[in-house]
Amino acid sequence: MFRSKERSLPPYYKKKEDTKSKEFRAVLNKNTSLVIIEKRNQKQILIKKELLDYNLDIIASEAPLKNFPPFGGEIYPFEFVVAERAILEQEIFPINDIIKELFGKNYDLKLKSIRLCIGSDEHEYVTIDEGDLKEVDIIPTLNGLKSFIQINKKSVFGFTVRRYDSKKANLIFFECDLTNPIFDILSIKIKILANLSQRGFYMQKHHRGYGLHLYYIITVDKFSETVIRFFNKLKIPIDLIYLKRKSSIHNWRTIECELDEKNLKNYLQFQYTKLSHMDVDKIVSIAIKNKFNFDLANLMAELLNKLKFDRVEIEDGLYSLDQEDIAAAAKLVVNYFGLNENNLSLPSNLDFKIIKKSIDKLEEILHHIEIKSNIYE
């Protein structure tokens, strides 16, 4: 059931670079979900927000002739989708304000692609994009886009497809990014897109032709206080997500180990590699006899694993735990969890002087474990 923890390798063995990634998904509400991908000590958080509350206007495009010679140029989708301006004002510009508030006023998301609709309504407009600004030597930024829209509110009524990725069936409406705003954040990318492959789902569930999505793609080195505060501003409780997942895994492991003695033995053997099969059998025997829950048995094994590691380092040889060591661990964890040690059922003929000596050493180990746990929390 449980996978073995990686054991130490001989110095002459060159370990291959770990290229595997670990990921999980979280759903926050009916409109927001995310995927977290962890690889090589970096974390990429891909957040998707449904933009179902905003208006879309869909019309047929010029693609039947435009996409074929002799015209050339961009590949157009066969339908043009115009999204209302409020998406930019309510979903995009506030993100740039958060970045300036947390990381500094000099930081500004760089505008990569957008195509604004300039006119009175969906029946009368022309389009301009970020390329038009570059032609007049203006560097497109999100702050500049915000100022332009505020000045021209009467004429900018929406934005439409800027790029059609036919291979991925994506209609790209908007893209911006920022690299290394602070040390712990490698990049922030924001996209608005619709996917043609998902049209059937939106037609069936929402009775609309397209589902427009807002994506945040954020790559971080670690979740520092500033990074967590940034996610909280985005209404993504990243610390609570990890806490809920860790708690779920722990609960699952606890139930499996308490249901089956064999699972408990397998877990302790693979988790605490310094313990021999005989050591684990003795620990589990006392745990079963005294009806210990998983947390007590696991803490016993963790303490004894560290005790044995320290003794092997000193004695430089094979070492087996005595019954007194295991009895000492049982007494310590029972007191640690606030239970009465007088009700403990232990083997007979134990040397209580050795038990007292083992308890003193195990208390030191427990103290170090608590300190390490507090640091990581």
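What you see below is based on every heavy atom in this structure, not just the backbone, and it leaves out hydrogens, waters and symmetry mates. Predicted, not measured: the structure shown is a model, and the values here were computed from it. This chain uses plain numbering: 1 for the first residue, then up along the sequence.
- Taking 4.5 Å as the limit, every side-chain heavy atom of Leu109 sits out of range of all side-chain heavy atoms of Ile92.
- Salt bridge Lys265/Glu261: present, at least one basic N to carboxylate O contact under 4.0 Å.
- Ring to ring, Tyr242 and Phe24 are close: their centroids are under 6.0 angstrom apart.
- Cation-pi check for Arg162 over Phe173 is not met; the charged atom does not lie both under 6.0 angstrom from the ring centroid and within 45 degrees of its normal.
- For Phe80, the ring-ring contact (aromatic ring centres under 6.0 Å, His included) partners at least two apart in sequence or on another chain are Tyr76.
- Side chain of Lys282 to backbone of Leu321: a donor-acceptor contact under 3.5 angstrom is found.
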Can you list the steps and then say if Asn340 with Asn342 is a side-chain hydrogen bond (donor to acceptor under 3.5 Å, both in side chains)? CA-CA 5 Å; Asn340 188 355; Asn342 294 328; 3.3 Å; yes
Worked verdict on Asp279 versus Ser276 for side-chain hydrogen bond (donor to acceptor under 3.5 Å, both in side chains): CA-CA 5 Å; Asp279 295 331; Ser276 66; 3.0 Å; yes
Go through the steps to decide whether Asn298 and Tyr272 satisfy the test side-chain hydrogen bond (donor to acceptor under 3.5 Å, both in side chains), and finish with yes or no. CA-CA 10 Å; Asn298 185 56; Tyr272 304 110; 2.8 Å; yes
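- A donor-acceptor pair under 3.5 Å is absent between the side-chain atoms of Asp165 and the main chain of Asn170, judged by distance alone.
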Under 3.5 Å, which donor-acceptor pairs do the side chains of residues 215-231 form with other protein atoms, sequence neighbours left out?
{"unit_1": "Ser224", "atom_1": "OG", "unit_2": "Asp184", "atom_2": "OD2", "d": "3.0"}
{"unit_1": "Ser224", "atom_1": "OG", "unit_2": "Val227", "atom_2": "N", "d": "3.4"}

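- Side-chain atoms of Asp325 come within 3.5 Å of backbone atoms of Asp322 as a donor-acceptor pair (strictly under, hydrogens ignored).
- Linking ILVMFWY side-chain heavy atoms closer than 4.5 Å, directly or via other members, places Leu234 and Val35 in two distinct hydrophobic clusters.
- Note on Tyr54: it clusters hydrophobically with Leu171, by side-chain heavy-atom contacts below 4.5 Å among ILVMFWY residues.
- Checked against Arg115 for a salt bridge (charged side-chain N to carboxylate O under 4.0 Å, His left out), the options Glu175, Glu130, Glu74 give a single hit: Glu74.
- Defined by atom type and a distance below 3.5 Å, a donor-acceptor pair is present between the side-chain atoms of His250 and Asp295.
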Evaluate Asn290 against Ser345 for side-chain hydrogen bond (donor to acceptor under 3.5 Å, both in side chains), listing each step before the verdict. CA-CA 6 Å; Asn290 290 279; Ser345 178; 4.8 Å; no
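- Neither Val81 nor Phe201 shares a network with the other; the hydrophobic side chains, linked directly or stepwise wherever heavy atoms of I, L, V, M, F, W or Y lie under 4.5 Å apart, form separate groups for each.
- The stretch residues 146-157 participates, sequence neighbours left out, in these side-chain hydrogen bond (donor to acceptor under 3.5 Å, both in side chains) pairs: Asp97-Lys146.
- A distance below 6.0 Å separates the ring centres of Tyr125 and Phe157.
- By the 4.5 Å heavy-atom criterion applied to side chains, Tyr210 and Leu56 are counted as neighbours.
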